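All remarks here apply to the structure that follows.
To find a chain, count down the sequence lines: A is the first, B the second, and so on, and within it residues start at 1. Below, each value reflects all heavy atoms present in this structure, side chains not excepted, and no hydrogens, waters or symmetry copies. The structure presented is a predicted model; accordingly, all values stated were derived computationally and were not measured.
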Protein chains: 2
Amino acid sequence: MPRPSANADTSRRILDTAERLLQTRGYNAFSYADIAQSLRVTKASLHYHFRTKAELGQHLIERYQQSFAEALADIDRTSSDSRQRLRRYIDLYLGVLRDGRMCLCGMLAAEYATLPKSMKTELKKFFDENERWLIEVLEKGRAARELRFSGPARETAMLLISSLEGAMLLARSYDDVARFDATAHGLLAALTVDS
Amino acid sequence: MPRPSANADTSRRILDTAERLLQTRGYNAFSYADIAQSLRVTKASLHYHFRTKAELGQHLIERYQQSFAEALADIDRTSSDSRQRLRRYIDLYLGVLRDGRMCLCGMLAAEYATLPKSMKTELKKFFDENERWLIEVLEKGRAARELRFSGPARETAMLLISSLEGAMLLARSYDDVARFDATAHGLLAALTVDS
DNA sequence: GTCTATAGGTGGATAGAC
DNA sequence: GTCTATCCACCTATAGAC
């Protein structure tokens, strides 16, 4: 995915480090120097693998999106009902937060106005895919009388994404995962038939 | 509020410009040079009014918080019921979004890890005050049977703040205020007795 | 693939004239 | 209060040796 002739493992380690920096500090608040220091290589070496920071950023979103898509596919395969699917969807966010990180795409959404065009395009794909997956879960859940909500499923899907991203943002500012839990609990309770 | 001997009007114009830049680009993505260019003064002149960027940032939060507090007090004075108070609270966010901006404190929450300590402290005060106000509206609304929600009011208050901040984040990425409207509508519907 | 060295630009901040 | 001039650290990115 980076330069075709590059060592895959090195490229992966660069992405891992850049991902952590992006999710904790933001795209505009980390540099090639930060990655280089963490991996004990020079900045010039990083540019061999990812020519520009914009290119690196684009790869980060693509990889994050793919990883998320795989997690969603796993939830689809191994969950029995819609309520469990939603619970596990929320747990994806929780896992990121427990690692001291913000959702990569939520972070980039805040910095949206300053991002290169290629990153803006990739970013929207992530949210579109999340929305698409949630709409299906919500509609099937309502049909099976496992979930309860009024109006179009898309409206509730957008509410879910917004709430979870916002809850991560706030929980990180208070360094308090319990804040996220409380919000997620209220959200799930409002959607569950026997609330 | 800046340097005591500084011209108040000039300081206010600096704050206005910095506020707009912060709300559109983020704290780490604007500079004294940006403000200087917009106001047609030099960077050195800005440093006379606000010695450091951290100091400027702190003043920005304090002013934003005061402005928000006044708006909430106005809602308290001139609203008849809890549902209307919530609607007008949401409209505060909507007004910011319509101006092409993110909530100043939501933006800073994303950049939290990189902020100077003085700004971190002020930031939490903003969210605490919002939470305090919402809890009172929610509890009175439930007692008057105007609002319906389960569990502690604080949980729903945190859900409201998180959802609205998250919805702004997403709506800005899509440059689509309607996305915010849809989320807000779903949120209000879930809390209203006759949904 | 990784290094040294460096270019060319911008960041926040200060000294001192006016 | 605002200016010119400047400092030094940092930024992204490249050239060319090894």
(message) What is the separation between atom CZ on B/R40 and atom C1' on D/dC3, rounded to the nearest whole Å?
(response) 17 Å
(message) Can you build the contact string for nucleotides 12-18 of chain C? Use B for base contact, S for sugar-phosphate-only contact, and - for no protein heavy atom under 4.0 Å.
(response) BBBB---
(message) Between A/R179 and B/E131, does any side-chain N to carboxylate O distance fall below 4.0 Å?
(response) yes
(message) Of the options C/dT4, D/dT2, D/dC11, whose atoms approach the side-chain atoms of A/T42 most closely?
(response) C/dT4
(message) Rounded to whole Å, how long is the line connecting atom CG of B/N28 with atom C1' of C/dT10?
(response) 15 Å
(message) Quick check with a 6.0 Å cut-off and a 45 degree axis cone: is B/K53 positioned over the face of B/F30's six-membered ring?
(response) yes
(message) I need the OH-P distance between A/Y48 and D/dT14, as an integer number of Å.
(response) 15 Å
(message) Using 30° and 60° as the class boundaries, would you call the ring planes of A/W133 and A/Y89 parallel, tilted or perpendicular?
(response) parallel
(request) Could you tell me the separation between the CG atom of B/D9 and the P atom of D/dT2, rounded to a whole number of Å? (result) 10 Å
(request) Keeping to residues at least two apart or across chains, list the salt bridge (charged side-chain N to carboxylate O under 4.0 Å, His left out) pairs with something in residues 43-52 of chain A. (result) A/R51-A/E55
(request) Whole angstrom is fine here: how far is it from CG in A/L21 over to P in D/dC11? (result) 11 Å
(request) Round to the nearest Å and state the distance from A/E55 atom CD to D/dT12 atom P. (result) 15 Å
(request) Using a strict cut-off of less than 4.0 Å between a Lys/Arg side-chain nitrogen and an Asp/Glu carboxylate oxygen, indicate whether A/R12 and A/D9 qualify as a salt bridge. (result) yes
(request) Sequence neighbours left out, what passes side-chain hydrogen bond (donor to acceptor under 3.5 Å, both in side chains) with A/T17? Give chain and number order. (result) none
(message) Nearest whole Å is fine: how far is D/dC11 C1' from A/R25 CZ?
(response) 14 Å
